[in-house]
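Remarks on the structure that follows.
Count residues from 1 along the sequence. Just so you know, these numbers use all the heavy atoms, side chains as well, and skip hydrogens, waters and symmetry mates.
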Amino acid sequence: MATTVTLKRTGDKMPLVGFGLWKVTKETCADTVYNAIKEGYRLFDGASDYGNEKEAGEGLARAIKDGLVKREDVWITSKLWNTNHAKEHVEEAAKYSLSLWGLDYFDLYLVHFPVSLEYIPSSTKFPQEWWGLDGKVHPSNVPFQETWTAVEQLADKGLAKNIGLSNAQGSFIYDVLRYARIEPQVLQVEIHPYLTQEPLIKYCKLLGIAITAYSSFGPQSYVELGAHKGATSLLEHDLVSSIAAKYQKTTAQVLLRWALQQDLAVIPKSNNHNRLVQNLAATSFKLSEEDFKAISGLNINLRLNDPVDLDPRLAIFA
């Protein structure tokens with residue numbers, strides 16, 4: 001099975017299985033990145049909002065210094081946070097993230113959410129998160145066309161080789177394509193068997209936009225945040241467990257394979273070294289059509305990462 005997806009505009013080959021840096025602690029991040037590189041990971045999915053880019057960069061720098069990889073062997077993704085959507089803040093934010101990573105360019109730079117919030121300088125608060133200094137959410141009136149035009153300039157200047165969107169739906173993508181000089185190359189969205197999003201996948205394939213699926217294990221990542229919405233863990237679901245036993249794989253490998261079989265890239269995270277290695281092996285087998293459809297049948301349109309849960313004015317998925 002293919003282990004990369006070729007992006008339309010640049011022809012760059014993005015690894016299909018990467019390592020997600022969301023919720024990796026600062027204390028462990030450098031070692032986690034270093035060890036993941038040692039085991040064969042070549043894509044790291046970061047964001048300024050994760051607050052660990054400096055430490056991730058230290059792990060990468062150590063791996064390069066030790067001769068495990070060269071910079072060009074590794075794909076680094078970062079994301080523009082909501083408080084930096086105004087044209088005068090986009091390049092500033094990208095350069096700040098690059099400085100934390102210790103890099104000259106990102107392989108992929110995404111707009112984290114189609115949500116613009118009031119600007120907060122990184123010197124005042126970092127990461128800026130969803131809340132202003134008063135603890136409240138403050139939307140700002142920056143049209144997305146302004147943001148995207150500034151992101152395109154990052155590609156022009158070589159600060160980002162590829163650019164894309166995250167947490168965007170079909171109607172939003174349709175609108176962006178009305179004015180984009182450089183089309184988004186990648187869409188990163190929540191996709192798992194409880195939220196299968198087939199129409200969105202179909203639309204992106206039609207447009208030639210590669211998709212990265214996040215939260216492949218469904219509620220698992222949200223339990224510690226109290227945001228799993230009472231859903232049964234997919235890693236412990238009876239159907240997924242029985243299919244995993246049939247293929248002599250872990251439930252995590254089955255869930256990742258379900259996404260990979262749709263030509264989606266995945267970015268699982270694990271703090272457990274054995275699982276980290278197992279996740280990378282999800283390209284090594286194939287689900288039968290019957291098993292694939294059975295897993296897809298678990299869909300209940302359960303969206304776990306939704307800004308409306310933070311503020312009713314941010315109902316971007318309504």
- For Thr4 and Pro15, indicate whether the former's side chain and the latter's backbone hold a donor-acceptor pair under 3.5 Å. no
- Take atom CD in Gln248; do more than 12 heavy atoms of anything else shown fall under 6.0 Å from it? no
- Message: What I want to find out is whether Lys202 reaches Glu198 closely enough, with some N-O distance under 4.0 Å, to be called a salt bridge.
- Response: no
- Message: Same cluster or not: Leu260 versus Phe292, using hydrophobic residues (I, L, V, M, F, W, Y) connected whenever any side-chain heavy atoms lie under 4.5 Å apart?
- Response: yes
- Item | Spacing of CH2 belonging to Trp148 relative to CD belonging to Gln153, to within rounding of 0.5 Å | 12.5 Å
- Look at the side chain of Glu190 and the backbone N and O of Leu304, then say whether any donor-acceptor pair between them is shorter than 3.5 Å. yes
- Query: Can Lys161 be said to sit on top of Tyr105's aromatic six-ring, NZ or CZ under 6.0 Å from centre and within 45° of the ring axis?
  - Reply: yes
- With a 4.0 Å cut-off, would you call Asp311 and Lys136 a salt bridge? no
- Is it true that the NZ or CZ of Arg181 lies under 6.0 Å from the centre of Tyr179's six-membered ring and within 45 degrees of the ring axis? no
- Message: Does atom NZ (Lys205) have a neighbourhood of more than 12 heavy atoms from anything else shown, all under 6.0 Å?
- Response: yes
- Task: Verify, without hydrogens or angle tests, whether Asn52 (side chain) and Leu21 (backbone) share a donor-acceptor contact under 3.5 angstrom.
- Result: yes
- Query: Just by modelled atom types, is the Leu68 backbone N or O under 3.5 Å from a matching donor or acceptor in the Asp66 side chain?
  - Reply: no
- Task: Could you tell me whether Arg42 sits above the aromatic face of Phe19, with NZ or CZ closer than 6.0 angstrom to the six-membered ring centre and within 45 degrees of the axis?
- Result: no
- Message: Closer than 4.0 angstrom, basic N to acidic O: yes or no for Glu91 and Lys95?
- Response: yes
- Query: Which word best sums up how the rings of Phe44 and Tyr41 line up, parallel for under 30°, tilted for 30 to 60°, or perpendicular for over 60°?
  - Reply: tilted
- Message: If hydrophobic clusters are built by linking Ile, Leu, Val, Met, Phe, Trp and Tyr wherever their side-chain heavy atoms come under 4.5 Å apart, do Trp81 and Val151 end up in the same one?
- Response: no
- Message: Taking Glu129 first and then Lys125, would you say they form a salt bridge - that is, a charged N and a carboxylate O separated by under 4.0 Å?
- Response: yes
- Item | Cluster link Leu117 to Leu165, ILVMFWY, side chain under 4.5 Å | no
- Note on the structure: Heavy atoms of Ile201 and Gln262 approach each other most closely as CD1-OE1, 3.5 Å
- Taken to the nearest 0.5 Å, the spacing of Tyr247 OH from Ser288 OG works out to 3.5 Å
- Message: Could you check whether any side-chain N or O of Thr196 sits under 3.5 Å from a backbone N or O of Pro193, counting only pairs where one atom can act as donor and the other as acceptor?
- Response: no
- State which residue, out of Leu80, Thr83, Asn84, fulfils the side chain to side chain contact (heavy atoms under 4.5 Å, CB included) condition with His89. Asn84
- Message: Grouping I, L, V, M, F, W and Y whenever their side-chain heavy atoms are under 4.5 Å apart, do Phe317 and Leu187 come out in a common cluster?
- Response: no
- Can you see which heavy atom on Ile316 is nearest to which on Asn167, and at what distance? CD1-O, 3.9 Å
- Could Arg71 and Asp104 be called an ion pair, given the rule that one side-chain N must be under 4.0 Å from one carboxylate O? no
- Task: Might you work through the ring pair (Phe, Tyr, Trp, His ring centres under 6.0 Å) test for Tyr174 and Tyr203, ending with a clear yes or no?
- Result: CA-CA 10 Å; Tyr174 181 89; Tyr203 184 49; 7.1 Å; no
- Item | Verify same cluster id: Val115, Val90 (apolar side-chain graph, 4.5 Å) | no
